[in-house]
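Letters go in sequence order (proteins before strands), and every chain restarts at 1.
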Amino acid sequence: QMKQCQMKESQQTGSIAFPDWAYKPESSPGSRQIQLWHFILELLQKEEYQGVIAWQGDYGEFVIKDPDEVARLWGLRKCKPHMNYDKLSRALRYYYNKRILHKTKGKRFTYKFNFSKVVLVNYPLLDMASSPFLLTRTQGNERQE
DNA sequence: ATCGGAATTC
DNA sequence: GAATTCCGAT
């Protein structure tokens, strides 16, 4: 049978709430690759992963409780058997300049989503009611740093 | 642990 | 374009 990491995103996500347009824009129609921050949001949404990664502290802030496991799961999804937290965290660091994430300094393995940016720029049509963490505000008049 | 440059991959 | 891989510096 087909390995999990060989399936299309639409097939393996199953119950996940992310619509089709959430995955990689019009690149190659058949081979859309999930983005890391989508994957992070996906894990954060599932209660069974609360021992691995979970919302904690400030609004939009989350802590990676088990870095090795998150890296392993990410590697599974992307078919990268040698994925580890060192590499995954490098990818997270690239999000700093893109204003998708930033580090919560002083707190180990803790990052924070810039939801005002993420929602308004990347998910302009997202149904706010379906995601509890996307519910509150953002009128463009507060800064997120 | 965290950061970010550089080369490479798809 | 979005990582992946590798790695020296802090």
Side-chain angles (χ1 to χ4, degrees), chain A residues 1-128 130-135 138 140 142-145:
Chain A
Q1 71 273 358
M2 201 180 246
K3 288 180 185 176
Q4 183 174 20
C5 68
Q6 293 177 316
M7 287 190 249
K8 286 182 180 177
E9 282 302 324
S10 56
Q11 293 175 304
Q12 67 176 297
T13 49
S15 65
I16 303 307
F18 287 101
D20 210 45
W21 50 263
Y23 298 90
K24 202 63 184 185
E26 64 262 38
S27 300
S28 23
S31 60
R32 263 198 293 265
Q33 287 266 18
I34 189 174
Q35 244 129 310
L36 178 55
W37 65 276
H38 295 162
F39 180 74
I40 296 292
L41 244 30
E42 189 177 300
L43 291 183
L44 250 13
Q45 245 178 0
K46 294 186 164 188
E47 292 187 14
E48 60 255 49
Y49 292 108
Q50 292 217 346
V52 174
I53 185 172
W55 297 113
Q56 188 162 113
D58 211 355
Y59 178 77
E61 208 171 274
F62 63 95
V63 55
I64 297 174
K65 298 176 179 176
D66 189 340
D68 293 336
E69 180 62 6
V70 172
R72 194 187 67 80
L73 293 168
W74 176 234
L76 264 180
R77 178 63 64 88
K78 287 288 293 289
C79 297
K80 295 292 175 185
H82 303 299
M83 180 53 56
N84 57 36
Y85 182 69
D86 178 61
K87 296 171 190 171
L88 184 152
S89 62
R90 180 69 187 92
L92 291 181
R93 267 173 252 130
Y94 271 127
Y95 287 149
Y96 298 171
N97 283 337
K98 294 182 180 177
R99 316 231 70 197
I100 290 171
L101 283 183
H102 63 81
K103 189 73 180 70
T104 298
K105 292 169 185 173
K107 290 187 180 180
R108 209 156 164 257
F109 304 125
T110 302
Y111 301 82
K112 185 178 173 184
F113 274 98
N114 296 322
F115 279 136
S116 61
K117 195 73 176 181
V118 171
V119 174
L120 294 175
V121 177
N122 297 285
Y123 292 89
L125 304 175
L126 186 62
D127 175 16
M128 300 303 186
S130 66
S131 306
F133 50 85
L134 296 176
L135 269 176
T138 45
E142 90 285 344
R143 51 189 286 277
Q144 199 102 46
E145 218 247 322

Asks: I want to know whether Tyr85(A) and Phe109(A) have ring centres closer than 6.0 Å.
Replies: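 Aromatic pair counts; centres sit under 6.0 Å.
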Asks: Report, as a single string ordered 5' to 3', how protein heavy atoms within less than 4.0 Å touch nucleotides 4-10 of chain C: B base, S sugar-phosphate only, - not at all.
Replies: BBSB---
Asks: Under 4.0 Å, heavy atoms only, any strand: does Tyr111(A) hit a base, just the sugar-phosphate, or nothing?
Replies: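 The answer is nothing, as Tyr111(A) stays clear of every strand by at least 4.0 Å.
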Asks: Provide, to the nearest angstrom, the distance between the OH atom belonging to Tyr95(A) and the P atom belonging to dT2(B).
Replies: 17 Å
Asks: Taking atom P of dC3(B) as reference, at what distance in whole Å does atom CZ of Phe109(A) sit?
Replies: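 From Phe109(A) CZ to dC3(B) P: 12 Å.
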Asks: In whole angstroms, how far is the C1' atom of dA3(C) from the CG atom of Leu101(A)?
Replies: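 One finds 14 Å between C1' of dA3(C) and CG of Leu101(A), rounded.
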Asks: Is the shortest side-chain heavy-atom distance between Val70(A) and Leu88(A) below 4.5 Å?
Replies: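 They are in side-chain contact.
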Asks: In whole angstrom, give the distance that lies between atom CG of Leu92(A) and atom P of dT2(B).
Replies: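 Nearest whole value for this atom pair: 10 Å.
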Asks: Is Lys98(A) close enough to dA2(C) that one of its side-chain N or O atoms is under 4.0 Å from OP1 or OP2 there?
Replies: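 Yes, because at least one side-chain N or O of Lys98(A) sits under 4.0 Å from OP1 or OP2 of dA2(C).
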Asks: With sequence neighbours left out, what residues match Asp86(A) under salt bridge (Lys or Arg N to Asp or Glu O under 4.0 Å)?
Replies: none
Asks: Please verify the inter-ring angle class for Phe39(A) with Trp74(A); under 30° counts as parallel, over 60° as perpendicular, anything in between as tilted.
Replies: tilted
Asks: Provide, to the nearest angstrom, the distance between the OH atom belonging to Tyr96(A) and the C1' atom belonging to dG5(B).
Replies: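 Result: 15 Å.
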Asks: Measure from CD on Gln35(A) to C1' on dG1(C) and round the result to the nearest Å.
Replies: 9 Å
Asks: Lys107(A): which residues meet the salt bridge (Lys or Arg N to Asp or Glu O under 4.0 Å) condition with it, sequence neighbours left out?
Replies: Glu61(A)
Asks: For Asn97(A) and for Ser89(A), find the nucleotide of DNA chain B with the closest heavy atom, then tell me which residue's nucleotide is more 5'.
Replies: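 Closer to the 5' end of DNA chain B: Ser89(A).
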Asks: Using only atom types and a distance under 3.5 Å, with no angle test, would you say the side chain of Lys78(A) pairs donor to acceptor with the backbone of Leu36(A)?
Replies: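 No, because the side chain of Lys78(A) does not come within donor-acceptor range (under 3.5 Å) of the backbone of Leu36(A).
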